Structures are given as structure tokens and as C-alpha cells.
Trainee: 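I'd like to ask you about the structure that follows.
These figures come from a predicted structure and were not determined experimentally. Each chain gets a letter, A, B and so on, in the order the sequences are listed, and its residues count up from 1. What you see below is based on every heavy atom in this structure, not just the backbone, and it leaves out hydrogens, waters and symmetry mates.
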Protein chains: 2
Amino acid sequence: MTKFRNTKQKAAVLAAVRRAHHHPDARWVYEEVRREIPGISLGTVYRALASLTAEGLIREYPQAEGPALYDANLDDHSHLRCRRCGRIVDVPTVELPPESLEAIRRVGGFARVDQVFLEFGGICDRCAQGETKPDGAADTAPAGHNIN
Amino acid sequence: MTKFRNTKQKAAVLAAVRRAHHHPDARWVYEEVRREIPGISLGTVYRALASLTAEGLIREYPQAEGPALYDANLDDHSHLRCRRCGRIVDVPTVELPPESLEAIRRVGGFARVDQVFLEFGGICDRCAQGETKPDGAADTAPAGHNIN
DNA sequence: CCCGTAATAGTAATCGTTACTAATAACGAC
DNA sequence: GTCGTTATTAGTAACGATTACTATTACGGG
């Protein structure tokens, strides 16, 4: 095990991530912690976030587009993202049938398949309210599988 | 609909993606096309890939880490990635039970949930061969859900 | 209280990608 | 075929997110 030290910068970063009521990125944490420690550097925030992730105190969600997000919620959960406003909410994880994973393992020619990365996309209630008839085209559409 | 023109650069990019027997990134396509059109610029490759994606001729898979990958396989499929060597193979999509999606929609407070982003992780056969007893620690471990 | 060394502030550098510019070439009209 | 418009190009600069570097500071075990 590597040696971790408890600095006030790291503590402030952890506190900021914990009090966030969303999934903050490094920049948000930086701005937040700066109110308490004005001289902190962005690099320190990045290092603290990486360290806290390594310590298992927070989770890191690198995104396909945009900066990585951080999450103080360590419980098993998936993310549901509104492709209109980008808002992300935590939702329970969906268990995949073991036989599906076995089929995937077999057809993929793998020794084992032991990770599932799952995310959901849709339109949140708020965005659905002020919605015009023709489904706008400026939506975020990451790689994945559309249904309906 | 926007107007698309057929240039030899774009055709060469499409051909390169189609003949790739893996999921190439922009750099690979660039090097590949350069053998045919030495003067092509990397920016043109990026623009061609974006254009072809918009035309629906290829698919783009932006990744959490590293460059976006491109795929000429338009069939519905998911990706299985070896966290040792990074190799990605296509596997059939797993259908999620509609009641799970409905539960997710409800608990998330969304108007609708119509996208699922799914990826699998594991160890491919090749990497499992030359494997040392203690499960090495230098593995790629993106955000997701571990099983077992 | 002291020392080894992890962590820091500040800054430069990296990587993938997009934006900009003037020049070129597709392609529909004639 | 010729023309004109305009999408596309080559080349390069700029961008955002992140990491690397360096000298300095400060944690925390002994």
C-alpha cells in the first residue's frame, strides 16, 4: 500500500465532493475549494481527486466527452443522463442475466468477462416540460444503443 | 439535410475504416490513408470521419480515455474490451427487460429513457495464456460495475 | 523535535480535437 | 464542356482536459 498523507487541501477537496449534490468535475471542485483555500492550484485538485479515488473514498467517472466527473456515492449504482440538459441522476444498477454474460464471453473468445459499464440516456421531466412538438435535433447522442 | 460532397479524401477515409479489421482511431486512419494520399492532413481525416458519421456510413465511439474509435459495422452490437491489451471485439447486444428501464425511468424522475450505453470488460484468451498467478495490478479499470 | 518524503504551487507540456485561413475542387446549372 | 457557388481541403494555430516538471513546504512516524 502506498502512503497517503492528510493535507488540508485533500480534506477540502473531499468535503467539496461530498457536499456536492451533483456529480462535480475537477473545475467545479477547484472553484468550490478556492473559497476556503484561495491559493490552491488546479493541479493539486486533480492530484487530490486521483489520490482520493485510489484510497477508495470517492469514485471517478471519466466521460467520453468533457471532463471526468467525481462521485462521493460509493454504493453500487448506474447513471441516467438527460441528453437535453446533461443532468445526471443516480439509479439502481440493472443485473444482467449470467447466461448473457456467458454468451458474450463465448462469442467474444474471452477467458472471462467480469465488468459491465452501463449508462442510460433519456429526457428528464424538467426538459420534457418545455418541449416543442418536433423533437429537437441538438441532442447529445453518445455511442450506444437506442431503443423504441 | 446538409449537402455532402464526395471527395477522394473522404472516400479513402471510408475505405480505410471499412477495411480495418479492428476499431481504428483517427490517427490510424490518417496513417493508412496517407499511403494513398500522402498530402492529406489530419484535420481532413477528422472532418471526413465526422462527415461520414453524420451521413450514417460509419459509427463513432468516443472513449472515456484515449481517442475516439470508428466502426464501419452498422449492425446493432456492443463492445467487449480486454483490460490487459485493450483489444475490443464486437458482441451481440444484451436486451434489458423493459420493466427495468421503466423502474429506472421512474426512480430517476425522467419523462423517458430510450438509450442504453453498454460495454463489457474482461480478459481475452490471448492475455489469459501468458498470465502470472497473482492477478497483475496494471489493469485498465474504467468506471463501471464489477461482478464476481 | 527531526527527518524522509509525500504533497504542494506554479507553470510548461502533452494529447486529442476543433477552429481558422486562404486556396482548391465538386457538382448542378447552363 | 464551362461557369459559379460553396463545400472541402492543407496547414497551422488554438482549445480544453489533464499530466509532468521543479523547487519548496509540511505531514507524521520515530
Side-chain angles (χ1 to χ4, degrees), chain A residues 1-17 23-55 57-70 86 138 140-143, chain B residues 1-17 23-55 57-70 86 138 140-143:
Chain A
M1 272 289 134
T2 320
K3 243 179 163 186
F4 294 111
R5 288 181 186 176
N6 295 331
T7 67
K8 69 172 189 290
Q9 288 88 342
K10 196 148 80 165
V13 165
L14 176 57
V17 174
H23 304 258
D25 60 16
R27 196 120 230 146
W28 185 93
V29 174
Y30 174 56
E31 302 295 348
E32 188 70 11
V33 172
R34 217 136 67 110
R35 305 190 317 185
E36 187 186 345
I37 308 173
I40 198 172
S41 81
L42 182 56
T44 294
V45 171
Y46 271 105
R47 253 177 294 101
L49 289 168
S51 178
L52 293 166
T53 301
E55 293 178 64
L57 296 173
I58 62 175
R59 281 199 145 125
E60 187 183 6
Y61 287 95
Q63 301 188 105
E65 331 216 340
L69 304 185
Y70 296 87
T140 309
Chain B
M1 276 288 138
T2 318
K3 247 179 165 187
F4 295 111
R5 287 182 186 174
N6 295 332
T7 67
K8 70 171 187 290
Q9 287 90 342
K10 197 148 80 164
V13 166
L14 176 56
V17 174
H23 303 259
D25 61 15
R27 196 118 229 147
W28 185 93
V29 174
Y30 175 54
E31 302 296 349
E32 188 71 11
V33 172
R34 215 134 70 110
R35 304 189 318 187
E36 186 186 346
I37 309 173
I40 197 170
S41 80
L42 182 55
T44 295
V45 171
Y46 271 105
R47 252 178 294 101
L49 289 168
S51 177
L52 292 167
T53 301
E55 293 178 63
L57 295 174
I58 62 174
R59 280 198 144 126
E60 187 184 7
Y61 287 95
Q63 300 187 108
E65 329 216 341
L69 305 184
Y70 296 87
T140 310

Trainee: For the pair made of CD1 in A:Ile37 and P in C:dT8, what is the distance, rounded to whole Å?
Mentor: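 My rounded result for the distance is 9 Å.
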Trainee: Residues from residues 6-15 of chain A sitting under 4.0 Å of DNA chain D, heavy atoms only?
Mentor: A:Asn6
Trainee: May I have all residue pairs that pass salt bridge (Lys or Arg N to Asp or Glu O under 4.0 Å) and include part of residues 35-47 of chain B, sequence neighbours excluded?
Mentor: B:Glu32-B:Arg35
Trainee: Please work out if A:Arg27 contacts a base, only the sugar-phosphate, or nothing of the nucleic acid, heavy-atom cut-off 4.0 Å.
Mentor: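 No contact.
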Trainee: Contact boundaries of DNA chain D with chain A (under 4.0 Å, heavy atoms), 5' to 3'?
Mentor: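 The protein-touched segment is D:dA17 to D:dG28.
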Trainee: Can you tell me how far P of C:dA19 sits from OH of B:Tyr46, to the nearest Å?
Mentor: 13 Å
Trainee: Does the side chain of A:Leu42 reach to within under 4.5 Å of the side chain of A:Arg27, using non-hydrogen atoms?
Mentor: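 A:Leu42 vs A:Arg27: side chains touch.
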Trainee: Specify the separation, in whole Å, of atom CH2 of B:Trp28 and atom P of C:dG16.
Mentor: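 To the nearest whole Å, that distance equals 17 Å.
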Trainee: Which value, rounded to the nearest 0.5 Å, describes the distance between A:Leu14 atom CG and A:Asn6 atom CG?
Mentor: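 The distance works out to 9.5 Å.
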Trainee: What heavy-atom pair brings B:Tyr70 and B:Ile58 nearest, and what distance separates the two atoms?
Mentor: CD2-CD1, 3.9 Å
Trainee: Ignoring hydrogens and geometry beyond distance, is the side chain of B:Arg47 in donor-acceptor contact with the base of C:dT18 at under 3.5 Å?
Mentor: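 Per atom types, no contact qualifies.
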Trainee: Any base atoms under 4.0 Å from B:Ala48, or only sugar-phosphate, or nothing? Heavy atoms, all strands.
Mentor: nothing
Trainee: For C:dG10 and A:Ser41 - does any side-chain N or O of the residue sit under 4.0 Å from the phosphate oxygens OP1/OP2?
Mentor: no
Trainee: Roughly, in whole Å, what's the span from CZ in A:Arg5 to C1' in C:dA6?
Mentor: 4 Å
Trainee: Are A:Lys10 and A:Glu55 side-chain neighbours, meaning at least one heavy-atom pair lies under 4.5 Å?
Mentor: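 A:Lys10 reaches A:Glu55 side chain to side chain.
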Trainee: At their closest point, which heavy atom of B:Tyr30 faces which heavy atom of B:Ser41, and how far apart are they?
Mentor: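 It is CE1-C, 3.8 Å.
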Trainee: Bend angle of the helix from C:dC1-D:dG30 to C:dC30-D:dG1 from five-pair axes at both ends, rounded to 10°?
Mentor: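 Terminal axis comparison yields 40°.
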Trainee: Return the OG1 to CD1 distance between A:Thr44 and A:Ile37, rounded to the nearest 0.5 Å.
Mentor: 9.5 Å
Trainee: Once rounded to the nearest 0.5 Å, what's the spacing between atom CG of A:Leu49 and atom CG of A:Leu57?
Mentor: 11.5 Å
Trainee: When rounded to the nearest 0.5 angstrom, what is the spacing between CG in B:Leu52 and CZ in B:Phe4?
Mentor: 9.0 Å
Trainee: In chain order, what residues pass the salt bridge (charged side-chain N to carboxylate O under 4.0 Å, His left out) check against B:Arg34, with sequence neighbours excluded?
Mentor: B:Glu31
Trainee: Taking only residues two or more places apart in sequence or in another chain, which ones pass salt bridge (charged side-chain N to carboxylate O under 4.0 Å, His left out) with B:Arg5?
Mentor: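 None.
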Trainee: Rounded to whole Å, please give me the gap between CG in A:Leu42 and P in C:dT8.
Mentor: 13 Å
